[in-house]
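Here's the structure, in structure tokens; my notes come after.
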Amino acid sequence: MSGSGMTRRTWLTWMSAAPLAALIAPRRVRAGWFDALFSTPARTTPAITPNKDFYVTSCCSTPRPPKPEHWSLTVKGLVNHPITLRYDDVLARPAVREIVTLECIGNPIGGESISTAEWGGIRLAELLSEAGVTPGAVDLVMRAADGYSDSFPIRRALESDVLLAYTMNGDPLPREHGYPVRIIVPGIYGMKHVKWLTELEVVDQDYRGYWERKGWSDEALVKLRSRIDAPGDGEQVPVGVVTLRGIAFGGRSRVGRVEVSSDGGRAWQVASLAPPLSPHAWTHWSYAWRIPRAGSYSLTARAIDDAGAVQSADAGDPFPGGASGLHTVRVTAV
Ligand SMILES: Nc1nc2c(c(=O)[nH]1)N[C@H]1C(S)=C(S)[C@@H](COP(=O)(O)O)O[C@H]1N2
Ligand SMILES: [Mo]
């Protein structure tokens, strides 16, 4: 999956700069440098991620983009009428657009491997109904030009929100995001959104894809999660009113409420939510925090879905089914 980008960046910064700073910086400057080194800056997360900022996770190297006239997609297996579509055939079919958030199953709590785009393409269910899925079908297997493969239940593939996408925020799919065509399957972790698609096969058994064979979850349902984007971890804030903000995402379960705590999770206050741009997109939240007095605070957030399920506070690794736990940032009020 993705290595933890945050951890790697933090370590690189520490290891290259910290000893040097300790040796050469005068005492007063040193304090400032150290605060900066040990803190994570606040982030701003736009509702739609620009393509250039969208996270990228790939198992292997990015395949060389095919000439559109050399690409085709085959639908085969347990279907009455196998179909082969060329790029022009895909473009000629009725197009739809959906705003969908993707998150890597390897994304750590508070991590950056989550982004949102408006995907344009055709509905997979329409193609499958033309092909005529036969009884006994269990999984839809997706194969790609880089050798990657994965699957999800045929039941899910027949729902109307699953796309064969060929645009991303209005542009043709960028090379690293799956040009010419990829799958978008809302509410399932990024690993099932197969890029550089070449073949779809309907099969009569549970198929294990690239990451499942390495032990990752087969269902890969997105977990309810929230993240604090501001203030940044380790920041100093002035005593007064400070806006806490961040994102929450629950995949197929809707975010009903976000709560924040400034005392490490004993007392919780309800944050304001901005309505998400689509049922498949993340929710932005904010809270005007009145800081009572100078001191250290541990800020944490939790999401609650519209059925009342509360984001788990039990810290768990991304492997095998996605990270769990609450994102916490420490701030000093001065
Ligand atoms: N063909 C192919 N599709 C793939 C992958 C891959 O390695 N090869 N990686 C998957 C993983 S693990 C994730 S999280 C998403 C990431 O999509 P993105 O790079 O567009 O953000 O693509 C998925 N689709
Ligand atoms: Mo991923």
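The basis for the numbers below is simple: all heavy atoms, side chains too, and nothing from hydrogens, waters or symmetry mates. Whatever order the structure lists them in is the order used to number ligands and atoms, beginning at 1.
To the nearest 0.5 Å, the span separating CZ on R330 from CG on D233 amounts to 6.5 Å.
Ligand 1 has an N or O atom lying under 3.5 Å from an N or O atom of K195, backbone or side chain.
Residues W289 and Y297 place their aromatic rings such that the two centres sit under 6.0 Å apart.
Sorted by first then second residue, the side-chain hydrogen bond (donor to acceptor under 3.5 Å, both in side chains) pairs that include residues 127-139, not counting sequence neighbours, are R93-E130, D139-S151.
Counting only non-hydrogen atoms, the option in R143, M168, R182, E176 that gets closest to atom 22 (O) of ligand 1 is R182. Across the listed options G190, A117, G209, G190 owns the non-hydrogen atom lying nearest to atom 15 (C) of ligand 1. Relative to atom 10 (C) of ligand 1, the option among Y148, Y189, F54, W216 with the closest non-hydrogen atom is Y148.
Ion pairing between a basic and an acidic side chain is recognised when a charged N comes within 4.0 Å of a carboxylate O; E103 and K223 show no such pairing.
Judged as a salt bridge (Lys or Arg N to Asp or Glu O under 4.0 Å), and not counting sequence neighbours, K214 has no contacts.
Of the heavy atoms in A144, only side-chain atoms (C-beta onward) come closer than 4.0 Å to ligand 1. Under 4.0 Å from ligand 1, the heavy atoms of W211 that appear belong solely to its side chain. Proximity of T57 to ligand 1, defined as any heavy-atom pair under 4.0 Å, is shared by backbone and side chain alike.
If you number the atoms of ligand 1 from 1 as listed, the ones under 4.0 Å from a heavy atom of V194 come out as 3 (N), 24 (N). Per-residue contacts place C59 under 4.0 angstrom from the following atoms of ligand 1 (heavy atoms of the residue considered): 6 (C), 7 (O). Less than 4.0 angstrom separates some heavy atom of H193 from each of these atoms of ligand 1: 22 (O), 23 (C), 24 (N). When each atom of ligand 1 is checked for a heavy atom of C104 under 4.0 Å away, the hits are 14 (S).
A continuous path of Ile, Leu, Val, Met, Phe, Trp and Tyr side chains, each step under 4.5 Å between heavy atoms, connects V185 with W119, placing both in one hydrophobic cluster.
A donor atom on one side chain and an acceptor atom on the other are found under 3.5 Å apart for Y207 and S149.
E103 does not count as a contact of ligand 1, since none of its heavy atoms falls under 4.0 Å from the ligand.
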